[in-house]
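To keep things clear, I will list the structure first and then write my remarks on it.
Order of the sequence lines fixes the chain letters, A, B, ..., with proteins taken first and strands second; residue numbering starts at 1 for each chain.
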Amino acid sequence: DAGVTQSPTHLIKTRGQHVTLRCSPISGHKSVSWYQQVLGQGPQFIFQYYEKEERGRGNFPDRFSARQFPNYSSELNVNALLLGDSALYLCASSRDPRSGNTIYFGEGSWLTVV
Amino acid sequence: GESVGLHLPTLSVQEGDNSIINCAYSNSASDYFIWYKQESGKGPQFIIDIRSNMDKRQGQRVTVLLNKTVKHLSLQIAATQPGDSAVYFCAETDSGGGADGLTFGKGTHLIIQP
């Protein structure tokens, strides 16, 4: 079975632009979460979606938004990009968001803002 | 949520020796803990997890120990191999439906000496 898949793997954007990152969860997983990982640090929680509804949000500005589709895939959108948004964006999936369900990560999307 | 921290940023061990990576957490409501391995340029890879109703859990060459009294978590890797070189993160969450996502520490870089 395929793991969590993310696209694109690498992209370069200019400051002020917007970006859309995509994620397909593991088959059978209905919960998708997004994380930002800056070089040298651990991942930081951005959003969690379950059954197409936002279930949790981390401490990120409103420039960050996401959604989950009926097939449980998800998009992360970031508007008005700043240089500080350069990071590895990770998607994770689990069967449901309840504590104890194993959470698997994709390989991430590397975003560079210039 | 509160932060999860690691005691050592870098751990160097001889190939074949056992490795012990430590983690301290501060959120007393945390009830589910996960260890991830992250190789350079890749997403976090699930290693092993443990729920708060357990003190110890074993996998293949890995053991996780949980001490709730002092809020301490450790990962033991037996007979360390070159392929174990990576950054290891502990992560925690509580029972609140995962709405706060996983909280990660900064990571420990495990270096294997030949």
Side-chain angles (χ1 to χ4, degrees), chain A residues 3-7 9-10 21 23 25-26 29-51 53-60 64 66 76 87-110 112, chain B residues 1-7 9-10 21 23-25 27-54 57 59 64 66 73 86-109:
Chain A
V4 179
T5 58
Q6 294 186 241
S7 64
T9 55
H10 295 80
L21 306 177
C23 171
I26 292 171
H29 286 194
K30 298 181 179 181
S31 178
V32 170
S33 299
W34 288 94
Y35 290 79
Q36 180 195 66
Q37 186 175 22
V38 176
L39 197 63
Q41 298 184 17
Q44 296 288 318
F45 172 67
I46 309 175
F47 286 111
Q48 182 184 77
Y49 276 77
Y50 176 62
E51 293 286 12
E53 292 187 0
E54 182 183 305
R55 294 290 298 267
R57 171 188 285 254
N59 188 25
F60 279 81
F64 289 76
L76 175 70
L88 176 65
Y89 287 86
L90 295 162
C91 177
S93 79
S94 62
R95 292 195 178 278
D96 64 56
R98 286 175 298 175
S99 178
N101 280 280
T102 306
I103 301 168
Y104 297 95
F105 283 83
E107 298 291 12
S109 294
W110 287 94
T112 301
Chain B
E2 297 173 302
S3 64
V4 176
L6 296 175
H7 294 303
T10 302
I21 301 172
C23 177
Y25 67 96
N27 185 358
S28 57
S30 297
D31 64 355
Y32 179 54
F33 305 87
I34 312 171
W35 281 100
Y36 288 96
K37 170 186 179 183
Q38 189 172 27
E39 296 175 282
S40 182
K42 295 188 176 182
Q45 176 187 353
F46 174 87
I47 301 174
I48 192 167
D49 58 1
I50 189 168
R51 300 189 189 201
S52 59
N53 61 353
M54 302 172 68
R57 192 169 188 213
V64 55
L66 176 62
L73 191 69
V87 177
Y88 289 81
F89 292 97
C90 66
E92 55 91 8
T93 190
D94 60 29
S95 298
D100 293 330
L102 291 172
T103 300
F104 284 81
K106 290 186 174 63
T108 294
H109 186 193

Nearest-0.5 Å distance, OH of residue B:Y32 to CD1 of residue A:I103 |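 Nearest 0.5 Å value for the OH-CD1 distance: 6.0 Å.
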
What do you reckon, is CG of B:N53 surrounded by more than 12 foreign heavy atoms closer than 6.0 Å?
-> yes

Can you give the donor-acceptor pairs under 3.5 Å from side chains of residues 35-46 of chain A to other protein atoms, not counting sequence neighbours?
residue: A:Y35; atom: OH; partner: B:L102; partner atom: N; Å: 2.8
residue: A:Q36; atom: NE2; partner: A:Y89; partner atom: OH; Å: 2.9
residue: A:Q37; atom: OE1; partner: B:Q38; partner atom: NE2; Å: 2.8
residue: A:Q37; atom: NE2; partner: A:Q41; partner atom: O; Å: 2.9
residue: A:Q37; atom: NE2; partner: B:Q38; partner atom: OE1; Å: 2.8

Region of A:N101 in contact with chain B, defined by heavy-atom distances below 4.5 Å = backbone

A:V4, A:D96, A:T102, A:T9: which one forms the most heavy-atom pairs within less than 4.5 Å of chain B?
-> A:T102

Name every donor-acceptor pair, under 3.5 Å, that has one atom in a side chain of residues 39-46 of chain B and the other anywhere in the protein, sequence neighbours excluded.
none

Structural part of B:F33 lying under 4.5 Å from a heavy atom of chain A =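 Neither part.
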
